[in-house]
Chemist: 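Structure in structure tokens, see below.
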Amino acid sequence: MDQITDTVASRRAFLKSAGMIAGTGLLAGCAARSVTTAALPAAPVPVPPPVAVPVPAAPRSASAPRGIRPELFQRAAAALQLHSSRIRQQDRIAIADFSLPSSRLRFHFVDMINGATRSMLVSHGIGSDPEHTGMLQRFSNEVNSEATCEGAFLAANYYVGKHQLSQRLIGLDPTNYNALDRAIVVHAAWYSNPDMIAKHGKLGRSQGCFAVGERDLDTLFALLGEGRMIYATKV
């Protein structure tokens, strides 16, 4: 049994208990227009948006795992290097390949040590696909855009909200620094279940959140945890 499979099995018990102790009455993820950040350290002064910084090239030794396009993996590895001071868990990363339609397995979890991968379905935002074609058309970091935003995200704390157990995300780039204020989070949703593809040929759309199938959430949290990176883009 590979490392990713072992990690999933060992953390299922924690996730079931987390749903009971995370608390109620907190942020209703994805649908909310603003975020209460009491669970996160409050900044003493307003923090300006991140300044655009050239992304360094990925290490020459980095090779893309099977099933992930080399250019996409190189960008994710470069983002991990760029934000290494804020990403305390670097053994695994998640990569959302929004070049693919929502009917494809495009949310990849990569073990950076042994190259093992696991993939699942994930929805994109209404504002990124207004005609509901199943393909992400654009990204946006704007409040109320209901669009997916691109860049590197830090997986933060869990909470219980509109979509039950969910996880806050902190945007690390100029293209997604509003993620926390926009309540861009990870959660499960019925419209991201595989049967949507059988019925409609595509998943439903979120309000910008990374929405996965209801049966995939435990696996996602076990693989992602707190302190790891999600990298989302369209190459």
Side-chain angles (χ1 to χ4, degrees), residues 29-30 35 37 40-41 43 47-59 61-65 68-100 106-113 115 117-120 122-125 127-128 136 138-143 145 147-158 166-187 206 208-212 220-221 223-235:
C30 203
V35 162
T37 58
L40 299 173
V47 179
V51 177
V53 177
V55 177
S61 60
S63 57
I68 300 179
R69 289 174 295 134
E71 182 180 357
L72 176 63
F73 180 73
Q74 288 167 7
R75 289 194 185 189
L80 182 64
Q81 178 182 338
L82 177 65
H83 299 294
S84 60
S85 63
R86 299 194 64 184
I87 301 168
R88 66 180 187 272
Q89 302 288 347
Q90 300 184 26
D91 56 335
R92 286 191 299 278
I93 62 174
I95 303 175
D97 184 358
F98 286 117
S99 301
L100 299 175
R106 57 182 182 173
F107 204 10
H108 310 294
F109 296 85
V110 182
D111 188 308
M112 299 297 284
I113 299 172
T117 62
R118 184 156 181 170
S119 303
M120 61 183 64
V122 67
S123 292
H124 54 251
S128 290
L136 181 145
R138 70 182 185 95
F139 294 106
S140 177
N141 188 40
E142 296 298 317
V143 176
S145 67
T148 299
C149 47
E150 67 176 327
F153 301 81
L154 175 64
N157 61 308
Y158 301 104
S166 306
Q167 186 172 22
R168 291 184 174 97
L169 300 176
I170 299 172
L172 302 178
D173 291 321
T175 52
N176 65 0
Y177 68 86
N178 276 330
L180 194 61
D181 288 336
R182 292 181 58 206
I184 301 301
V185 304
V186 176
H187 66 76
S206 70
C209 293
F210 294 85
V212 301
L220 183 152
F221 284 158
L223 294 174
L224 185 61
E226 296 184 15
R228 292 190 175 88
M229 183 190 78
I230 295 176
Y231 184 73
T233 195
K234 181 177 182 178
V235 178

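What you are looking at is a predicted structure, and each value in this text was computed from that prediction instead of being measured. Quick note: numbers below take in every heavy atom, side chains included, and nothing from hydrogens, waters or symmetry partners.
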Chemist: Distance from Phe98 atom CZ to Thr233 atom OG1, nearest 0.5 Å?
Modeler: 9.5 Å
Chemist: For Arg168, which of Val186, Ile184, Leu180 qualifies under side-chain contact (heavy atoms from CB on, under 4.5 Å)?
Modeler: Leu180
Chemist: Using a 3.5 Å distance criterion without hydrogens, assess whether the side chain of Arg138 forms a donor-acceptor pair with backbone atoms of Gly127.
Modeler: yes
Chemist: Mind listing the closest non-hydrogen atom pair of Phe139 and Ser128 along with its distance?
Modeler: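 Scanning both residues, the minimum pair turns out to be CA-OG, 4.4 Å.
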Chemist: Do side-chain atoms of Thr175 reach the backbone of Glu150 as a donor and acceptor pair under 3.5 angstrom?
Modeler: yes
Chemist: For Val110 and Ile95, run side-chain contact (heavy atoms from CB on, under 4.5 Å): C-alpha distance rounded to whole Å, both residues' side-chain angles, the deciding distance at 0.1 Å, then the answer.
Modeler: CA-CA 8 Å; Val110 182; Ile95 303 175; 4.2 Å; yes
Chemist: Take Arg106 and Val122, measure what side-chain contact (heavy atoms from CB on, under 4.5 Å) needs, and give me the verdict at the end.
Modeler: CA-CA 7 Å; Arg106 57 182 182 173; Val122 67; 3.8 Å; yes
Chemist: Just one of Asp97, Ile230, Leu100 clears the side-chain contact (heavy atoms from CB on, under 4.5 Å) bar with Phe107, so which one?
Modeler: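 It is Ile230, the one option of Asp97, Ile230, Leu100 that forms the side-chain contact (heavy atoms from CB on, under 4.5 Å) with Phe107.
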Chemist: Keeping the roles fixed (side chain from Asn141, backbone from Cys149), state whether a donor-acceptor pair exists under 3.5 Å.
Modeler: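 Flag not set: sc Asn141 to bb Cys149 has no pair under 3.5 Å.
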Chemist: For the backbone of Ala156 and the side chain of Gln167, can you confirm whether one donor and one acceptor N or O come within less than 3.5 Å of each other?
Modeler: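 Looks like yes, one N/O pair under 3.5 Å.
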Chemist: Below 4.5 Å, heavy atoms only, C-beta onward: do Gln89 and Glu226 meet side chain to side chain?
Modeler: no
Chemist: Please work out whether the ring planes of Phe210 and Phe153 are parallel, tilted or perpendicular, with thresholds of 30° and 60°.
Modeler: perpendicular
Chemist: May I ask you to decide if Asp173's main-chain N or O and Asn176's side chain share a donor-acceptor pair within less than 3.5 Å?
Modeler: yes
Chemist: Would you call Arg228 and Asp91 a salt bridge, using N to O less than 4.0 angstrom?
Modeler: yes
Chemist: Under the side-chain contact (heavy atoms from CB on, under 4.5 Å) criterion, do Ile170 and Arg86 qualify, and how do the steps go?
Modeler: CA-CA 10 Å; Ile170 299 172; Arg86 299 194 64 184; 4.0 Å; yes
Chemist: Please give me the minimum heavy-atom distance between Arg182 and Ser140, naming the atom from each residue.
Modeler: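 Looking at all heavy atoms of both residues, the closest pair is NH1-O, 3.0 Å.
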Chemist: Distance from Leu223 atom CG to Arg118 atom CZ, nearest 0.5 Å?
Modeler: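 Separation between the atoms: 6.5 Å.
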Chemist: Within the distance-only criterion (no hydrogens, no angle test), does the side chain of Gln90 pair as donor or acceptor with the backbone N or O of Leu80 below 3.5 angstrom?
Modeler: no
Chemist: Would you name the heavy atoms of His124 and Leu136 that are closest together and state the gap between them?
Modeler: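 Here His124 and Leu136 meet closest at CE1-N, 3.6 Å.
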Chemist: Mind listing the closest non-hydrogen atom pair of Gly225 and Ala155 along with its distance?
Modeler: O-CB, 3.5 Å
Chemist: Taking side chain as C-beta onward, heavy atoms only, is Leu172 less than 4.5 Å from Ile87?
Modeler: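 Leu172 reaches Ile87 side chain to side chain.
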Chemist: Quick one: closest heavy-atom pair of Ala179 and Gly171, and the distance?
Modeler: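 Heavy atoms only, the tightest pair is CB-N, 3.8 Å.
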Chemist: Could you pull out the closest heavy-atom pair between Met229 and Tyr231, with the gap in Å?
Modeler: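 Closest approach of Met229 to Tyr231: CE-CB, 3.8 Å.
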Chemist: Using side-chain heavy atoms (C-beta onward) and a distance below 4.5 Å, is His108 in contact with Phe73?
Modeler: no
